[in-house]
Amino acid sequence: MDHRLKKDKQFSYVYRKGKRAHSEHLTLFSVASKFKTYKIGYAISKKIGKANQRNKLKRRLKEIVRTGNFAKDNFNYVLMAKVGAAELDFASLKAEVKKVFEK
RNA sequence: UCAGUUAAACUUGUGGUCGCGGUUUGCUUGUGAUGAGCAAAGUGAGGAAAGUCCGGGCAUCAAAAGACAGGGUGCCGGCUAACGGCCGGUGGAGGCGACUCUAAGGAAAGUGCAACAGAAAUAAACCGCCCGCAAGGGUAAGGAUGGAAAGGUGAGGUAAGAGCUCACCGGGAAGGUGGAGACAUCUUCCGUCACUGUAAACCCCACCCGAUGCAAGUUUAAGCGAAGGCUAUGUGCUGUCUUUCACGCCUUCCAAAAGAAACGCUUGAGCCUGCUGGCAACAACAGGCCUAGAUAGAUGACCACAGAACACAGAACUCGGCUUAUGUUUAACUGAUCGG
RNA sequence: UGGGGUGUCGCCAAGCGGUAAGGCAUUGGACUCUGACUCCAACAUCCGUAGGUUCGAAUCCUACCACCCCAG
């Protein structure tokens, strides 16, 4: 199943209604939904780095969410990266994602 | 060994365990219709994919031609689909050298500008020098400047001076020879050898350029209506104008949608190998190969071995260049030192 | 992806071949018992960076860097 958020409307809905949880390099927006599974979108701005760095960060976040089982069903998420997130290695990035979801 | 110049090559590979995007095949399932899921096979970023600085293809503007404006290029010859690119030369500049760099047409077609300094900035007004009692005349040596002051140095010459004369150097013109040409070289003549620099100032000359960009554009796509204006004096290549030519054109309102999907989209001036022509860029021929097409936008995570690969960095219609960022290796050559 | 624009003092900015205006801010001084206002003075030589043209470049040319805007 596809767990991605894609439409612009969905993103802006989550930004407006969602609860926020911050960490040093990440921000998570979460909101309850009527769907049975979870959906998650990734927001990585141009401030973070050049195109290849943004791509790599997105791939790593996707891998962490897929393998980690952090996301709960019946929720929509947007995971936003802040400046400096691209410099982290995989293990510490995973720890931060875990912290944000627990909040 | 050190310092340097030039030219190339590569940009990870193999094996595991999870995961992603196209393609093909098979199975399951479903709709009014497009479909959806699972499995297997096979495949999946670069030398710069970047900057977007040039030039093509392609698409639309109904079709075509011309003038002006505007823009670009600028030694010569060649290559190319084309170029502001590349190759080979010429002149000039730099370097001990290997070698590198070079917007390099025209200033006697015209116009503009040249601050400050300096007597004077394109010009012989001033100081000066000489002749002369003076009036006046001769002169361009000298006059702390400046980027630039009407060839330079030396000798002769003179009232003082001066290409006034001579030697050397520089400059110009004509002709010959070599070369495809840029140009090179030789001979002769010129002291009227007076006219500085700047064209990456306007400009002149030669050559080139229609505009807009895949968010172009086409289809699914379907369903039309109402009112008003201009009627060949209207509209049309989109900076202006003209000609041929084409034809209805423009504005407002109502309805529908609110922005969906597919095509464009990857077979192309393509890549590899061989051979022929050419100094080379490149071209011709033969054989072989098919090699990403996404749309919140596909390559990641954990190991093992090899290893320099741990750098710079991610396709978005596509191709040829340029520029910039950056890791490693190789070859040839140059200079210095030491040894033989 | 394509198209367009801007970089000048700490901030806002003028200048577009000949030694870089002005305002705010800052610093020092004067005035005042003190402060504000006012007055006087100081403050750019790396004009985003690097080359080139020119006697001379913020200005002209070329290549880069950074930032901003427009088009679904």
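Lettering follows sequence order; numbering is per chain, from 1.
- Not counting sequence neighbours, the partners of A:E96 by the side-chain hydrogen bond (donor to acceptor under 3.5 Å, both in side chains) test are A:S23, A:H25.
- Nucleotide B:U198 has B:G112 as its partner under the Watson-Crick or G-U criteria, with both atom distances under 3.5 Å.
- A 3.5 Å limit on both hydrogen-bonding distances identifies B:A40 as the Watson-Crick or G-U partner of B:U24.
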All N/O pairs under 3.5 Å across the protein-nucleotides 313-316 of chain B interface:
{"from": "B:A313", "atom 1": "N9", "to": "A:N52", "atom 2": "ND2", "distance (Å)": "3.3"}
{"from": "B:A313", "atom 1": "N7", "to": "A:N52", "atom 2": "ND2", "distance (Å)": "2.6"}
{"from": "B:G314", "atom 1": "OP2", "to": "A:A51", "atom 2": "N", "distance (Å)": "3.3"}
{"from": "B:G314", "atom 1": "OP2", "to": "A:N52", "atom 2": "N", "distance (Å)": "3.2"}
{"from": "B:G314", "atom 1": "OP2", "to": "A:N52", "atom 2": "OD1", "distance (Å)": "3.0"}
{"from": "B:G314", "atom 1": "N7", "to": "A:R59", "atom 2": "NH2", "distance (Å)": "3.1"}
{"from": "B:G314", "atom 1": "O6", "to": "A:R59", "atom 2": "NH1", "distance (Å)": "3.2"}
{"from": "B:G314", "atom 1": "O6", "to": "A:R59", "atom 2": "NH2", "distance (Å)": "3.0"}

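- Between B:C99 and B:U323, the two C1' atoms lie 23 Å apart (nearest whole Å).
- Remark: A:K19 engages A:S30 in a side-chain contact (heavy atoms from CB on, under 4.5 Å) (not counting sequence neighbours).
- Comparing B:C129 with C:A20, their C1' atoms are spaced 49 Å from each other, to the whole Å.
- B:C10 and C:C47 have their C1' atoms separated by 46 Å, given to the nearest Å.
- When the nearest nucleotides of RNA chain B are assigned to A:F90 and A:K58 by heavy-atom distance, the more 5′-ward of the two goes with A:K58.
- Between A:R20 atom CZ and A:L28 atom CG the span is 11.5 Å, to the nearest 0.5 Å.
- Because its glycosidic torsion is more than 90° from 0, B:A262 is reported here as anti.
- A gap of 24 Å separates the P atoms of C:U53 and C:C65, to the nearest Å.
- B:C282 and B:U80 have their P atoms separated by 10 Å, with the value rounded to a whole Å.
- Checking B:U251 for Watson-Crick or G-U wobble geometry (two distances, each under 3.5 Å) identifies B:A227 as its partner.
- In this entry C:A71 has C:U1 as its Watson-Crick or G-U wobble partner, both defining distances falling under 3.5 Å.
- Glycosidic conformation of B:U266 is syn; the angle stays within 90° of 0.
- For B:G22, the glycosidic angle deviates from 0 by 90° or less, giving a syn base.
- The CG-P distance, from A:L61 to B:A296, rounds to 18 Å in whole Å.
- Distance, A:R60 CZ to B:C302 C1': 12 Å, rounded to whole Å.
- In textbook terms, a nucleotide whose glycosidic angle is within 90° of 0 is syn, while B:G152, being further out, is anti.
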Give each protein N/O atom lying under 3.5 Å from an N/O atom of nucleotides 19-21 of chain B, with the pair distance.
{"from": "B:G19", "atom 1": "O4'", "to": "A:R66", "atom 2": "NH1", "distance (Å)": "3.3"}
{"from": "B:G19", "atom 1": "O4'", "to": "A:R66", "atom 2": "NH2", "distance (Å)": "3.1"}

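- When the C1' atom is used for both B:A148 and B:A123, the distance is 14 Å, rounded to whole Å.
- Both distances falling under 3.5 Å, in either a Watson-Crick or a G-U wobble arrangement, place C:U6 opposite C:A66.
- On the P atoms, B:C83 is 14 Å away from B:G78, given to the nearest whole Å.
- A 4.5 Å side-chain heavy-atom check between A:V65 and A:Y42 finds at least one atom pair inside the cut-off.
- Nucleotides B:G105 and B:A182 have their C1' atoms positioned 12 Å apart, rounded to a whole Å.
- B:U220 shows a glycosidic angle more than 90° from 0 and is accordingly assigned anti.
- Judged as a side-chain contact (heavy atoms from CB on, under 4.5 Å), and not counting sequence neighbours, the contacts of A:N55 are A:K58, A:R59.
- With sequence neighbours excluded, the residues that form a ring pair (Phe, Tyr, Trp, His ring centres under 6.0 Å) with A:F29 are A:Y15.
- Across the strands present, C:C55 finds its partner in C:G18; the criterion is a Watson-Crick or G-U wobble pair with both atom distances under 3.5 angstrom.
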